Structures are given as structure tokens and as C-alpha cells.
Amino acid sequence: MKFRCQLAQTVSYTENFTPKETKWTLFEIQHLVHAFYKCRMRWCPSSVLHLLRCVRLRSCGRRGRNRLPLWIREIWVYMKLLVQSLYFNTLTDSNVVFDSVFEPVFLTVDYITRWFGLVFVCLVVILTSSIVVIAYVVLLPLILTTYSPAWIAWHVCYGHWNLIMIAFHYYKAAKTSPGFPPTERNDSPFVSVCKKCIVPKPARTHHCGICNRCILKMDHHCPWLNNCVGHFNHRYFFSFCLFMTLGCVYCSISGRNLFLDAYNALETSYQTPAPTYTFKDKVINKCIIYMWVLTSTVGVALGALTVWHAVLISKGETSIERHINSKETKRLAKRGKVYRNPFSYGRLNNWKIFLGVEKRSHWLTRVLLPSGHPPYGDGLTWAIFPLKRDLIPV
């Protein structure tokens with residue numbers, strides 16, 4: 001057949017032919033397609049087989065006069081390898097590509113968060129102070145005139161205790177250093193080297209792009225503190241979230257009836273004329289509405305964050321380790337293995353270690369009262385309980 005003869009003429013097949021990949025030229029592709037369509041005979045399997053053989057052989061490369069000299073091909077391969085080494089390695093995956101693409105966005109966010117940290121801190125102080133002023137100026141006179149002596153004692157004692165706990169833990173969380181790994185040479189064990197700081201990283205240490213330093217037992221960078229949450233101030237951060245949530249819930253529940261009365265007083269009706277209120281009454285009603293809306297919103301949002309961190313503390317994890325452990329769990333599950341967190345010592349012991357409770361009296365002096373005691377360990381090593389059992393009988 002004509003097409004078959006043309007393929008036979010263009011293909012020279014030898015037993016000692018060594019395949020090598022080459023690229024098809026546009027002329028060769030057009031020649032094969034033209035030869036295929038010139039075959040006007042009925043469909044024949046042998047013709048298709050010869051076409052496939054031609055494609056396979058031609059893809060293996062040419063021999064003879066068209067090949068470049070060996071030294072040129074070696075230089076070309078070396079140059080290709082250099083170019084590929086600039087953007088590819090064996091550790092490249094979807095996460096690396098995602099981080100590379102969004103690196104400008106991350107840098108912008110880090111820059112804004114770094115320079116606006118003081119703004120967030122001032123915002124927390126101003127909002128909290130406004131609620132305190134409203135409580136003293138508006139609510140306290142109402143409580144003293146309408147509530148019984150027992151309820152007055154309860155509100156005064158609990159309100160001041162909660163306020164002291166909020167102020168103390170917020171100040172300590174913002175001003176206490178989270179802890180940094182040593183930069184000088186030492187004998188402390190480490191698990192890797194930070195590619196940005198170029199210093200050894202102990203276990204549970206991560207680099208903060210906003211602080212531009214490695215943080216011991218890093219949980220996250222909190223813009224509301226203008227500080228990282230790490231080994232030495234993690235307890236202060238959680239205690240602040242907890243007591244701030246309790247204070248918001250307390251204000252929201254105790255001020256619910258006052259909020260309803262103030263809202264109904266400011267609501268106008270089209271059927272009846274609005275009642276006359278003095279300027280002082282309108283200011284008081286608006287202050288009560290502002291306080292209730294703010295505390296209710298913050299209580300829900302901050303309460304969810306507090307519950308999330310409580311779950312992490314129960315499991316002996318930080319926010320960063322949560323993602324790492326979940327990936328490791330999935331990876332080992334595919335191999336039929338079970339991953340266990342090496343820094344978890346049981347729920348109760350995890351809370352004792354986190355809060356620094358060593359005896360029963362510490363639940364009062366270190367948890368329910370302001371306490372500046374340091375956490376367990378130095379943040380470099382984590383052999384707290386060599387055997388995972390309850391070693392603190394409290």
C-alpha cells in the first residue's frame with residue numbers, strides 16, 4: 001500500500017537502535033499527517049500499526065549528522081539544570097507554591113500588623129475603659145438604689161474581682177516576653193535550623209514573621225496584645241480571654257433588663273407621641289444600649305476563641321501544632337499507624353502544667369487570684385513527665 005510504503009521509506013529500524021527522546025518538528029508532523037490522509041484505501045489495522053511504529057521511532061530521536069557535538073549538549077544540559085534548580089527541589093509541594101504566590105500578601109499583612117499593633121492595644125484599652133466608666137457612672141447608682149444589700153455586695157465584689165483579673169492578665173500578656181531561643185552556641189537540643197534567623201530551633205519553636213524572631217512554644221501573634229503568644233505569656237493570654245469573656249457575659253446578663261427598658265424608651269411610635277426625656281436620660285439610655293451591644297458581641301466572639309484554646313490546652317497543643325499534628329495524623333493513618341502527641345500528658349496534667357498548679361492551694365492562689373509565677377521549664381526542653389502518669393496529686 002502507498003501509505004505503508006511511504007512509512008517504510010521514512011523509517012529505518014535496526015536492532016541496535018538506542019531510543020532517545022527528541023522533539024518533533026512542525027515539518028515532520030505535517031509530513032506524517034499528509035501521508036496519512038493521502039492513503040485513500042479502506043481502513044487497515046496494519047496501516048495504523050505502521051503509523052504508531054513511525055511515531056514511536058521518530059520520538060526516540062535521530063542518529064547521525066543532525067546531532068549536536070557532545071560538549072555542546074553537556075553544556076546545554078548543565079544550563080537547564082541550573083535554571084531548574086532556581087525554582088524546583090524535592091520538597092516542592094502545593095503548600096510551597098501557595099506560600100510563594102501569596103508571599104507579597106503575607107508581607108503586607110505582617111507589615112500592617114507590626115505598625116498598627118499600638119493602635120489595636122489602644123483600642124482595647126479605650127473600649128474596656130468605656131465599659132468601666134459606664135458601669136461606675138450609670139449602673140452602680142442604679143444598683144445601689146434598686147437592689148437588695150446581698151445583690152449589691154455580689155455585684156460590687158464580683159465586678160471588681162473580674163476587672164482586676166482582666167487588667168492584670170492583659171498587662172502581663174502584653175508586656176511579658178514570649179521567650180526566644182538562644183542565639184549563641186549552647187548544648188540545648190534542637191530539631192531544625194530556622195531558614196530566616198539561621199539559628200537552631202528547639203522543639204515547639206516557630207518563626208514569627210511580624211516579630212521577625214523565633215518564638216519558644218509559639219501559639220500565634222496577637223495584634224490585640226502587640227505581642228506574640230509563646231511559652232512565657234501563654235497563660236496570661238488565656239486567662240485574659242477567659243476573664244474578659246466572663247466579664248462580658250456578666251454585663252450582658254445583668255444588664256439585659258436595663259437594655260430592654262432603654263431600647264423601648266428610645267423607640268419612637270407613629271401612633272402616639274414620643275415621651276419627653278431629658279438630655280441626661282437620653283445619654284444614659286444610649287450608654288446602656290452601647291454597653292450591652294458591645295459586651296454581648298465581644299462575649300460571643302471571644303468566648304468562641306476561649307473555648308477553642310481550652311480544647312487545645314486539654315490536648316497539649318498550640319494553634320500551630322494543631323495543624324502540624326492533624327497532617328501527621330493523616331500521614332500515619334495512610335500507613336496504618338496511630339500518631340500520638342509527644343507533648344500531651346493527659347487532660348488534667350496538661351491543665352496543671354499550663355496553669356502551674358503544683359498543690360491544691362495553687363488553684364486559688366495561681367488561678368483565681370493574680371499570680372506572676374513562671375511556667376514549667378525553660379521552653380527549650382520538654383521532658384516534664386518522663387512517664388505519662390499523674391505525678392501531681394492534686
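Note that these values count all heavy atoms, side chains included, but never hydrogens, waters or copies made by symmetry. Bear in mind the structure is a predicted one, so any value in this text is a computation, not a measurement.
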* N233 (side chain) donor-acceptor with C228 (main chain) under 3.5 angstrom -> yes

* Can you measure from OG1 (T176) to OH (Y236) and round to the nearest 0.5 angstrom? => 5.0 Å

* Got more than 12 heavy atoms from elsewhere within 6.0 Å of OH, Y171? -> no

* Under 3.5 Å, is there a donor-acceptor pair linking the side chains of T128 and Y170? -> no

* To do: Please work out whether the ring planes of H234 and H309 are parallel, tilted or perpendicular, with thresholds of 30° and 60°.
  => perpendicular

* Asked: Checking side-chain contact (heavy atoms from CB on, under 4.5 Å) for the pair S319/W308: CA distance, chi angles, key distance, verdict?
  -> CA-CA 9 Å; S319 299; W308 166 251; 4.2 Å; yes

* Kindly indicate whether the side chain of N341, heavy atoms from C-beta on, has any atom under 4.5 Å from the side chain of E317. => yes

* With a 3.5 Å cut-off and no angle check, do the side chains of N350 and S314 form a donor-acceptor pair? -> no

* Taking the side chain as C-beta and beyond, is there a heavy-atom pair between I215 and H207 under 4.5 Å? -> no

* Say whether, by atom type as modelled, one donor and one acceptor occur between the side chain of R213 and the main chain of C197 under 3.5 angstrom. => no

* To do: Give a yes or no on whether V307 and L312 share a hydrophobic cluster (residues Ile, Leu, Val, Met, Phe, Trp, Tyr; joining criterion: side-chain heavy atoms under 4.5 Å apart).
  => no

* Residue pair F190 / P181, side-chain heavy-atom distance below 4.5 Å -> no

* If you group Ile, Leu, Val, Met, Phe, Trp and Tyr by side-chain heavy-atom gaps below 4.5 Å, do W382 and I320 land in one group? -> no

* Asked: Is W224 close to L123 at the side-chain level, that is, under 4.5 Å between some pair of heavy atoms?
  -> yes

* Donor-acceptor contact present, side-chain N162 to main-chain Y158, <3.5 Å -> no

* Do other residues, nucleotides or ligands put more than 12 heavy atoms under 6.0 Å from the CZ atom of R347? -> no

* Check: F354 and F238 side chains under 4.5 Å, non-hydrogen atoms -> yes

* Asked: Looking at Y136 versus H160, is the centre-to-centre ring distance below 6.0 Å?
  -> yes

* For F116, does the CZ atom sit with more than 12 other heavy atoms under 6.0 Å from it, leaving out its own atoms? -> no

* Determine whether N227 and P178 make a side-chain contact, defined as any pair of heavy atoms from C-beta on separated by less than 4.5 Å. => yes

* To do: State, with a plain yes or no, whether a side-chain heavy atom of P202 is found less than 4.5 Å away from one of R204.
  => no

* Structure fact -> What one should report as the nearest heavy-atom pair of I134 and Y290 is CD1-CD2, 3.5 Å

* Asked: Under 4.5 Å between any side-chain heavy atoms of H206 and C214, yes or no?
  -> no

* What do you reckon, is OH of Y250 surrounded by more than 12 foreign heavy atoms closer than 6.0 Å? -> yes

* Asked: Where do V132 and L163 come nearest, in terms of heavy atoms and distance?
  -> CG2-CD1, 3.7 Å

